[in-house]
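So the structure is just underneath, and the comments pick up after that.
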Amino acid sequence: MRKLFLDACNGEKSKVPPVWFMRQAGRYLPEYRALREKYRMLELCTNSELAAEVTLMPIKRFDFDAAILFSDITMPYYCLGAEFSIKEGIGPVVENPIRSESDVNLLKENTAQEKLNFISDAVKILKNQLSVPLIGFIGAPYTLASYLIEGKPSRDFKFTKSLMLKEPLVWSKLMKKLTAVSLSYIDLQIEAGVDVIQVFDSWVGGLSPRMYEKYISPYMKEIFSHIKSRNIKSIHFGTSTGGILDKMKSVGADIIGVDWRTSLIEASIKVGKNVPLQGNLDPNFLLATKEIAIQETREILRESEEIGSFIFNLGHGILPTTPIENVEAVLAEIRNYK
Ligand code: CP3
C-alpha cells in the first residue's frame, strides 16, 4: 500500500505532500453523473458494490493518495429511525425535525452493526482493491444534530442554537444519542478496515469558543478518545473554524483540517507547530483558469513549508461544475513541486 498519506498523518513531512480532495467522488465526474442517471444518491450509498465503485472512480482517474468511502454523513439517521432524503442541490432534508424532548425520546438507538452493514461490506470490497489508504468518516454530533433540528441545510442554525441554549438538558440528551451511534459507527468502519477516520463537523464554525466548550467539547472528547483507543488516526474538519481551531485540537484530534478562511501558518500557530494540517485550497480556484488554480496551489505549497506535516486538500468539497482538466493541472503541479 502507498503510505505517503499515512506518513503525513503520523507527522512525517515529505517534499511532495499527499493529496486527496473532499467530495472527490461526486458530481464533477462524468462517470458518476452517468451512474446517477440510473440510481438515486441514497441508493448509491446503501448498495455496497455501487458505493465501492464510486469510491474508486477518482482513484482510477487521478491516482489520489487516499480514497474516501463514498457515503454521506446522514447514514446514522437510519439507526435513529429519522426519516430523511437527500434533495439534489439542497442536501439532507428531514421529514419531522427534532425540536422537543419528546422528539428526542422517539429517536431509536440502533447500533451501526444493526443497521449499516452495507457500509462494512463496501469497506471490505474496497480494501481488497485499493493500493492507497481508505478514509472512513462520520459527521460530528453537532453537524448531524443541525440537519435533524433545522430539517434542512441552514445559514443561521436558529432552531439548533435555540434548543442548545433554552433546553440544555434536551440538547445533551440528543448529543448523547448521536455520540453513542457515532461510536458504534466508528467501530463498524474500523473493524471493516478503514485506515483513518475523518470527523466532519462542517457547520461547527458558527459557534463561539464558549459555546463550543460548553455544548460540543464533551462529546467530541469521547469520540476522539474512542478513535485513539483503536489506534487509528483522526482528522477533524469544519468550515469557518478560525476562531475555534485550538478548541478543535484540544478535544483530541490528531490532524486538523482547515478551510481557506484561515492561512496554514495561522492555523499552525493556533493548534501547535507539530500538528499535521490538511487543506486548504478554495474549491472555487478550480473553477477559474488552470493558471489561476496553479498559482494558488503554489502559494499553498510554499506556505506548507513553514508548518509541520501536511496533506494537500481543498478547503471544502469540490464543486460539481469543476473541469476535470483543472483537477489534473493542480495535481500535476503538486506532484512536480520543487
Ligand atoms: O468526499 C467524498 O467524495 C465522499 C463522499 C461524501 C459525500 N458526502 C457524498 C455526497 C462525503 C464525505 C460527504 C460528507 C457530507 N455530507 C458532509 C460533510 C462534508 C461537507 O461537505 O461539509 C455534509 C455536510 C453532508 C451533507 C450533504 N450531503 C450535503 C450538504 C450534500 C450536498 C447537496 C447538493 O446536492 O449539493 C449532500 C449530498 C451528497 N453527498 C452528494 C454527494 C456526492 C451529492 C449527491 C448527488 O446529487 O449526486
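The first residue in the sequence is number 1, and the count goes up from there. Just so it is clear, the structure is predicted and the values come from calculations on it, not from any experiment. All ligand and atom numbering here is 1-based and tracks the order in the structure.
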Using a 3.5 Å cut-off on N/O to N/O, what pairs does ligand 1 make with the protein? A line per pair would be great.
| residue | atom | partner | partner atom | Å |
| --- | --- | --- | --- | --- |
| ligand 1 | 1 (O) | Arg23 | N | 2.6 |
| ligand 1 | 3 (O) | Gln24 | N | 3.0 |
| ligand 1 | 3 (O) | Ala25 | N | 2.9 |
| ligand 1 | 8 (N) | Arg23 | NE | 3.1 |
| ligand 1 | 8 (N) | Asp72 | OD1 | 3.1 |
| ligand 1 | 16 (N) | Arg23 | NH2 | 3.3 |
| ligand 1 | 16 (N) | Asp72 | OD1 | 2.9 |
| ligand 1 | 21 (O) | Arg23 | NH2 | 3.2 |
| ligand 1 | 21 (O) | His316 | NE2 | 3.0 |
| ligand 1 | 22 (O) | Ser202 | OG | 2.4 |
| ligand 1 | 22 (O) | His316 | NE2 | 2.6 |
| ligand 1 | 28 (N) | Asp72 | OD1 | 2.7 |
| ligand 1 | 35 (O) | Arg27 | NH1 | 3.0 |
| ligand 1 | 35 (O) | Arg27 | NH2 | 3.4 |
| ligand 1 | 35 (O) | Gly89 | N | 2.9 |
| ligand 1 | 36 (O) | Arg27 | NH2 | 2.9 |
| ligand 1 | 40 (N) | Asp72 | OD1 | 2.9 |
| ligand 1 | 47 (O) | Arg36 | NH2 | 3.0 |
| ligand 1 | 48 (O) | Tyr32 | OH | 2.6 |
| ligand 1 | 48 (O) | Arg36 | NE | 2.5 |
| ligand 1 | 48 (O) | Arg36 | NH2 | 3.4 |

Other residues, nucleotides, ligands: >12 heavy atoms within 6.0 Å of Asp63 CG:
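Buried by this count: over 12 neighbours within 6.0 Å.
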
With sequence neighbours left out, what residues match Tyr212 under ring pair (Phe, Tyr, Trp, His ring centres under 6.0 Å)?
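Here no residue qualifies.
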
Under a single-linkage rule joining Ile, Leu, Val, Met, Phe, Trp and Tyr whose side-chain heavy atoms are separated by less than 4.5 Å, which residues share a cluster with Val93?
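Traced through the cluster, Val93 reaches Ile90.
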
Quick one: name the residues clustered hydrophobically with Leu319, using the 4.5 Å side-chain heavy-atom rule over I, L, V, M, F, W, Y, and just say none if it's on its own.
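Noted: Leu319 shares its cluster with Leu287.
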
May I ask you to check whether Ser184 and Asp187 show a side-chain donor-acceptor distance below 3.5 Å?
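On atom types as modelled, these side chains do not qualify, holding no pair under 3.5 Å.
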
Under 4.0 Å between a side-chain nitrogen and a carboxylate oxygen: does that hold for Arg40 and Glu43?
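Salt bridge present between Arg40 and Glu43.
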
